[in-house]
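Quick note: numbers below take in every heavy atom, side chains included, and nothing from hydrogens, waters or symmetry partners.
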Amino acid sequence: MAMPLIIAIDGPAASGKGTLARRLAAHYDLPHLDTGLTYRAVAHRLLELGLPLENVSAAETAARQLDLGAMDREVLSQHAVGEAASKVAVMPTVRRILVDKQRVFAADGAVLDGRDIGTVVCPDARVKLYVTASPEVRARRRHDEMTAAGRDASYQTILADIEKRDARDMGRADSPLKPAEDAHLLDTSQMDIEAAFSAAKTIIDDNLAVGSTI
Ligand SMILES: Nc1ncnc2c1ncn2[C@@H]1O[C@H](COP(=O)(O)OP(=O)(O)O)[C@@H](O)[C@H]1O
Ligand SMILES: Nc1ccn([C@@H]2O[C@H](COP(=O)(O)OP(=O)(O)O)[C@@H](O)[C@H]2O)c(=O)n1
């Protein structure tokens, strides 16, 4: 039987990995999982219960009870939830529970985006992309996204938060954000969404063509 097609997309906050992952999933007719939502959902549950984000056993329970099909993107996409998510994401036991669920989702082929897809969740993924853009470009994109949605947003605060989150995600001991050795780097600082999609598609199609001749 042919190996299921798994496309792994990693990168820092607001680099455009979710946008790219959704478009690629539609193009290659694959299911898509935004793994950031799973960490956001755990953090959101703790906030909802009024518990500190350092409460490991409550975070483990929230992770175990999480239903991937019931995550509310609208609620979870709030800026403060992203911050909180990066705090629960340092907990190895929480990561293990969520990674297991993510692997079940990916088993028959999928596009997954996050921080550790190519390095930890799906190290055997057929194609791995590491999407980046400068912190200033990413802060500008997130700022525009929030103001377009009618939310209050200060560019300077968003930039500071993005830099703080990068440091936390890249500096943690368990599954730090970094490109897998075999990842293709895609810096979208100078690319619009269409150009980024087209560059990603070229990388993936080249990869699939090589695979089909072996
Ligand atoms: N290449 C790009 N050029 C301009 N804007 C982009 C690009 N990629 C994504 N965006 C926009 O930037 C914001 C963040 O993108 P998103 O895909 O949510 O990033 P991530 O999933 O990495 O956090 C969104 O508003 C999205 O529409
Ligand atoms: N595979 C993943 C995905 C997200 N995360 C954590 O969850 C937080 C929120 O991720 P996200 O992808 O929703 O954030 P954005 O890039 O959309 O802002 C990140 O800052 C990481 O700390 C992770 O550790 N591993």
Side-chain angles (χ1 to χ4, degrees), residues 8-15 17-18 21 31-107 110 112-123 130-131 135 138-139 142-143 145-146 149 151-154 156-180:
I9 306 185
D10 291 301
S15 55
K17 56 192 184 306
H32 165 230
L33 178 64
D34 172 353
T35 62
L37 286 183
T38 65
Y39 293 92
R40 284 171 180 263
V42 170
H44 183 255
R45 183 73 187 131
L46 297 191
L47 295 172
E48 214 172 36
L49 295 170
L51 294 171
L53 294 165
E54 294 74 26
N55 188 326
V56 177
S57 71
E60 288 168 359
T61 302
R64 249 180 246 112
Q65 290 175 344
L66 177 68
D67 172 359
L68 297 191
M71 298 188 293
D72 185 340
R73 170 175 294 279
E74 184 66 25
V75 170
L76 300 179
S77 69
Q78 295 172 66
H79 187 65
V81 182
E83 270 294 299
S86 73
K87 293 184 181 161
V88 302
V90 304
M91 300 171 184
T93 50
V94 169
R95 298 199 70 85
R96 218 166 303 137
I97 295 164
L98 294 181
V99 166
D100 280 349
K101 294 187 186 212
Q102 294 161 10
R103 285 182 179 148
V104 169
F105 183 95
L112 277 78
D113 72 279
R115 301 290 186 289
D116 60 343
I117 309 303
T119 51
V120 175
V121 182
C122 302
Y130 189 85
V131 186
R138 291 188 278 129
R142 187 77 359 122
H143 174 267
E145 179 182 20
M146 288 170 73
R151 291 183 185 162
D152 261 354
S154 131
Q156 286 305 335
T157 307
I158 293 172
L159 177 59
D161 285 352
I162 276 184
E163 288 177 333
K164 210 164 42 179
R165 200 131 68 87
D166 282 358
R168 201 180 285 135
D169 288 348
M170 292 173 185
R172 69 181 173 225
D174 188 345
S175 315
L177 168 64
K178 61 172 181 198

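- Side-chain atoms of R115 and T35, non-hydrogen and from C-beta on, never get closer than 4.5 Å to each other.
- The OG1 atom of T157 sits 9.0 Å away from the NE2 atom of H143 when rounded to the nearest 0.5 Å.
- For E74, the CD atom is loosely surrounded, since the number of other residues' heavy atoms within 6.0 Å does not exceed 12.
- One distance of note links CD of Q65 with CD1 of I97; it measures 10.5 Å at 0.5 Å rounding.
- Residues L68 and T38 meet the side-chain proximity criterion, which asks for heavy atoms closer than 4.5 Å.
- You'll find the side chain of L33 reaches within 4.5 Å of the side chain of M71, heavy atoms only.
- Side-chain atoms of R103 and V120, non-hydrogen and from C-beta on, do get closer than 4.5 Å to each other.
- Applying the 6.0 Å contact sphere to NZ of K178 captures no more than 12 heavy atoms from other residues, nucleotides or ligands.
- Nearest approach of V99 to Y39, heavy atoms of both residues: CG2-OH, 4.2 Å.
- A donor-acceptor distance shorter than 3.5 angstrom exists from the side chain of K101 to the backbone of A63, with no hydrogens or angles considered.
- Side-chain contact check for D161 versus K164: some heavy-atom pair is nearer than 4.5 Å.
- Around atom CG of D152, no more than 12 heavy atoms belonging to other residues, nucleotides or ligands sit under 6.0 Å away.
- Considering every non-hydrogen atom in both D113 and A21, the closest pair reads OD1-CB, 3.6 Å.
- Taking both residues in full, the closest heavy atoms of G82 and R165 are given as O-CD, 3.6 Å, listed atom of the first, atom of the second, then distance.
- Judged by distance alone, with hydrogens and angles left aside, the side-chain atoms of Q78 form a donor-acceptor pair with the main-chain N or O of V75 at under 3.5 Å.
- Residues D10 and P179 form no side-chain contact, since every pair of their non-hydrogen atoms from C-beta on lies 4.5 Å or further apart.
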Discussion item. Is there a side chain to side chain contact (heavy atoms under 4.5 Å, CB included) between R151 and S77? Walk through the geometry before answering.
Written reply: CA-CA 12 Å; R151 291 183 185 162; S77 69; 3.8 Å; yes

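- A donor-acceptor pair under 3.5 Å is formed between the side chain of T61 and the backbone N or O of S57.
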Discussion item. If you apply the rule side chain to side chain contact (heavy atoms under 4.5 Å, CB included), what do you find for E83 with R168, and how did you get there?
Written reply: CA-CA 10 Å; E83 270 294 299; R168 201 180 285 135; 3.8 Å; yes

Discussion item. Quick one, R138 with D166, criterion side chain to side chain contact (heavy atoms under 4.5 Å, CB included). Give me CA distance, side-chain angles, the key distance, then yes/no.
Written reply: CA-CA 11 Å; R138 291 188 278 129; D166 282 358; 2.7 Å; yes

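- Checking E60 against T93 by side-chain atom types alone, a donor-acceptor pair falls below 3.5 Å.
- The two residues T119 and P123 have their closest heavy-atom pair at O-CB, 4.1 Å.
- Note: H44 NE2 to L37 CG = 12.0 Å, rounded to the nearest 0.5 Å.
- To the nearest 0.5 Å, the span separating OG on S175 from CG on D169 amounts to 11.0 Å.
- Closest approach of A8 to I117, counting heavy atoms only: CB-CG2, 3.4 Å.
- Here the CG atom belonging to D116 is positioned 6.5 Å from the CD atom belonging to Q102, to the nearest 0.5 angstrom.
- The two residues L51 and A58 come nearest to each other via the heavy atoms CD1-CB, 3.7 Å.
- Here the side chains of R73 and D34 are in contact, with some heavy-atom distance below 4.5 Å.
- Residues L177 and P12 are in side-chain contact: their nearest non-hydrogen atoms beyond the backbone lie under 4.5 Å apart.
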Item to complete: Applying side chain to side chain contact (heavy atoms under 4.5 Å, CB included), run through L53 and L47 and close with a yes or a no.
Response: CA-CA 7 Å; L53 294 165; L47 295 172; 4.1 Å; yes

